[in-house]
Amino acid sequence: MKHAPAALHSIPRKDEPEFSARLGILRLPLMVCVVYQHAYRPGGTGVVPRGWVTILDVLLSDGLVMLARPLFFLIAGFFFFAGGKLTRKAMLGKWRSRCSSVLVPYVLWNLLVLALWAVAQGWTVTAGYVPGAGKHVADFGTWDYANALLGLQGYPIAYQLWFLRDLMLLFLLAPLVQFATRAAPNLFLLILVSAWLWNLWPLGIPAAEGVVFFYAGVLLAVSRGGIGLLDRFALPIGVLFAGFLLAYA
């Protein structure tokens with residue numbers, strides 16, 4: 001039996017419980033970070049007194065908590081390819097699984113927000129609290145409903161769920177991602193990171209950040225070293241990131 005290329009070996013079994021344990025530790029901090037991202041300061045950035053309080057505010061609110069978004073994409077990419085190379089049957093099984101765990105909740109939450117928005121616009125008691133700009137739900141056409149649910153021209157109506165919309169697109173693009181990891185994994189990573197950092201990414205959906213970290217998660221999943229690759233570079237990455245955060249703040 002021919003062996004698969006080194007880049008496509010399955011994850012060693014010893015990595016699986018270790019990675020799950022790490023996720024158990026990260027789960028609560030990542031959820032707190034997401035909530036913190038959407039808990040905007042009254043008056044916006046910079047309203048706190050200048051000095052060390054401002055530095056701490058920016059470091060936390062505009063720096064540290066922003067780790068949640070890329071880490072979620074990385075974790076999603078890792079788990080989608082957690083068994084190594086995906087056959088056609090395995091790919092279809094992954095898609096079916098994500099339909100129930102991602103697509104259905106995404107659609108239901110957006111439909112709920114759309115319904116609440118329509119009620120608020122049509123009810124005299126709440127109509128005054130709804131922004132006047134934009135088309136009323138009662139006047140929506142087919143395109144408007146599609147745009148509200150999918151965010152074809154920006155965010156979906158439940159705008160916080162743009163992350164799930166981008167994630168579903170990345171799941172659909174999994175065959176291309178798999179081809180990239182087999183053909184020239186490091187080259188494609190370099191291209192994606194360069195397009196992200198230099199604002200050369202040509203697409204609005206999915207966003208560059210999500211593509212980069214989803215792909216990075218896939219590379220971790222299909223590589224021989226697995227999650228251990230992160231440990232090897234943990235110290236330099238941590239030092240560089242801490243220095244960046246301090247300089248930014």
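Just so you know, residue 1 is the first one in the sequence shown, and it goes up from there.
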Separation of Tyr36 OH from Leu60 CG (nearest 0.5 Å) = 5.5 Å

Hey, does the side chain of Ser97 reach the backbone of Gly93 with a donor-acceptor pair shorter than 3.5 angstrom?
-> no

Please tell me if the side chains of Trp109 and Leu161 come closer than 4.5 Å, counting only heavy atoms from C-beta onward.
-> yes

Taking every heavy atom of Ala120 against every heavy atom of Thr126, the minimum-distance pair comes out as O-OG1, 2.9 Å

Side chain proximity check, Phe80 to Arg98, heavy atoms < 4.5 angstrom | yes

CH2 of Trp162 to CG of Leu167: how many Å apart, nearest 0.5 Å?
-> 10.0 Å

Does Gln153 reach the main-chain N or O of Asn147 with its side chain, forming a donor-acceptor pair under 3.5 Å?
-> no

CG on Leu74 to CZ on Phe79, rounded to 0.5 Å = 10.5 Å

Parallel, tilted or perpendicular: which describes the rings of Phe188 and Phe179, with under 30° parallel and over 60° perpendicular?
-> perpendicular

Tell me, which pairs form a side chain to side chain donor-acceptor pair (under 3.5 Å) where one or both residues lie in residues 188-217, sequence neighbours left out?
-> Arg69-Glu209

May I have the step-by-step check of side-chain contact (heavy atoms from CB on, under 4.5 Å) for Leu67 and Phe241, ending in yes or no?
-> CA-CA 10 Å; Leu67 276 175; Phe241 184 67; 3.7 Å; yes

Linked, directly or transitively: Leu152 and Val107 (ILVMFWY side chains, under 4.5 Å) | yes

To the nearest 0.5 angstrom, please state how far the OG1 atom of Thr181 sits from the CG atom of Leu219.
-> 6.5 Å

Value for CG (Leu203) from CG (Asp166), rounded to nearest 0.5 Å, stands at 10.0 Å

Check step by step if side-chain contact (heavy atoms from CB on, under 4.5 Å) holds for Phe73 and Phe163.
-> CA-CA 9 Å; Phe73 277 109; Phe163 162 81; 3.4 Å; yes

Flag side-chain contact, heavy atom, 4.5 Å: Leu170 against Val177 | no

Do Leu116 and Leu149 belong together in a cluster built from hydrophobic side chains that touch within less than 4.5 Å?
-> yes

Donor-acceptor pair, Asp144 side chain versus Gly141 backbone, under 3.5 Å?
-> yes

Cluster link Val102 to Val211, ILVMFWY, side chain under 4.5 Å | yes

Do Leu108 and Tyr145 sit in the same hydrophobic cluster, where Ile, Leu, Val, Met, Phe, Trp and Tyr count as joined when their side-chain heavy atoms come under 4.5 Å apart?
-> no

Are Val34 and Leu28 linked, directly or through other ILVMFWY residues, by side chains that come within less than 4.5 angstrom of each other?
-> no

Which value, rounded to the nearest 0.5 Å, describes the distance between Leu245 atom CG and Met66 atom CE?
-> 11.0 Å

Student check: side-chain heavy atoms of Tyr106 and Pro156 closer than 4.5 Å = yes

Parallel, tilted or perpendicular: ring planes of Phe244 versus Tyr248, cut at 30 and 60 degrees | parallel

Pairwise side-chain contact, Ile205 with Leu150, heavy-atom cut-off 4.5 Å (strictly under) | no

